[in-house]
Amino acid sequence: MKIVLAIDGSHYSKAAVKELTKIPLPNDSEVNIINIYEHRAMPMPGLVSTKATLYKYPEDAIKNAQIIGKSIVSKAVEVLKRKNDSLNITTTVVNGLPKKEILEKAESFDADLIVVGSQGQGAFSRFLLGSVSQYLATHAKCSVLIVKEKEDAQ
Amino acid sequence: MKIILAVDGSEFSKVAVSELAKIPLPNDSEVSIINVYENPNVWAPDLLTVDSVRSYYQEVISNAEEFAEKSAEKIVSVAADSLKNKNSTLKITTAVVIGLPKKEILEKAEAFNADLIILGSQGHGAFSRLLLGSVSQYIATHAKCSVMIARNKDEK
């Protein structure tokens, strides 16, 4: 079974990781844990050309996003490995549009299942279903598991 | 793990059954298979004041209800059989309910204290151009537990 686990480090995505540990996956299962960070365009790109200290800002921002992304996925790897050591886990940290990157990963990975939280960092908590989760549920070619924590529902 | 499997006998819900069969479940898992059918309505209720028409309609309605219930029972038992074939240790119960599918599925999930609802990406009602049916979308949005929208990636 091939699974893409999409996480963004939010409380909701931690629930997704936890839920996945509850499913006793076959030993030959492959899990790809993916984190996507958005590289926001500079508010004033013209500043870049001044070669002031801001020059390094985009580079630093991307580097930091990579570091944060890697720590998010490696934490998830730990949690999954603790439950099932024989899982074949790979990780991906990419820059892009989350909904698009997740679907592309699922197709290139030939995933049977995408696991996501019901919402992520971006959503206001009054939303019941985040836009990325909704987009995935609508457009994925494979099954999508939208994880919600029962206890926290209220 | 407690799971609600919502089926309507459509091709999409058959995918939900086969996808669920693929997921290895903990041994103490309980699966409740639910089919919700909508009450067959009378088109022109005013006609019921005419005696002969009324008795005719009542017959039609009771036939339709009987038929709907029978097909619903069949849908859940076919689903139960194919799940049992794949995993004989599962505890499977079935339920057939009249009502509004999205509402009944959520109510059943709460009454059953389900951890997960599994359903197809669409059902009988949807036009095939839709990517996600209204019931699936409603359930994904409003369920208090996890929801799995089942699709077979190898099809199409």
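No hydrogens, no waters, no symmetry mates; every other heavy atom, side chains included, goes into these values. Values in this document were obtained by computation on a predicted structure and should not be read as measured data. Here is how names work: the chains are called A, B, and so on, in the same order as the sequence lines, proteins then strands, and each is numbered from 1.
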Would you check if there is a donor-acceptor pair between the side chains of [Y] and [X] at a distance under 3.5 Å?
X	Y	value
A:Ser143	B:Glu19	yes
A:Tyr37	A:Gln66	yes
A:Thr92	A:Asn32	yes

Using heavy-atom distances under 4.5 Å, tell me whether A:Leu136 contacts chain B through its side chain, its backbone, both, or neither.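 It is the backbone, since no side chain atom gets that close.
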Which atoms of [X] are under 4.5 Å from chain A, going by heavy atoms: the side chain, the backbone, both sets, or neither?
X	result
B:Ile118	neither
B:Ala114	backbone
B:Leu25	backbone

Using a strict cut-off of less than 4.0 Å between a Lys/Arg side-chain nitrogen and an Asp/Glu carboxylate oxygen, indicate whether [X] and [Y] qualify as a salt bridge.
X	Y	result
A:Asp112	B:Lys153	yes
A:Glu78	A:Lys81	no
A:Glu149	A:Lys18	yes

Tell me, with the steps shown, if B:Ile117 and B:Cys145 meet side-chain contact (heavy atoms from CB on, under 4.5 Å). CA-CA 7 Å; B:Ile117 301 172; B:Cys145 62; 3.7 Å; yes
Exercise: identify the closest heavy-atom pair between B:Val7 and B:Asn35: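 Residues B:Val7 and B:Asn35, closest heavy atoms: O-ND2, 2.8 Å.
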Considering only heavy atoms, give the residues of residues 69-89 of chain B separated from chain A by less than 4.5 Å, sorted numerically, with 'none' for an empty result.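 From residues 69-89 of chain B, none sit under 4.5 Å of chain A.
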Kindly indicate whether the side chain of B:Ser32, heavy atoms from C-beta on, has any atom under 4.5 Å from the side chain of B:Lys108.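 A side-chain contact exists here, since the closest heavy-atom pair is under 4.5 Å.
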Options B:Ala150, B:Ser121, B:Gly120, B:Ala16, ranked by heavy-atom pairs under 4.5 Å with chain A, top entry: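 If we count pairs closer than 4.5 Å to chain A, B:Ala150 comes out on top.
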Looking at A:Ala111, A:Ala106, A:Ser118, which has the largest count of heavy-atom pairs under 4.5 Å with chain B?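 The candidate making the most pairs under 4.5 Å is A:Ala111.
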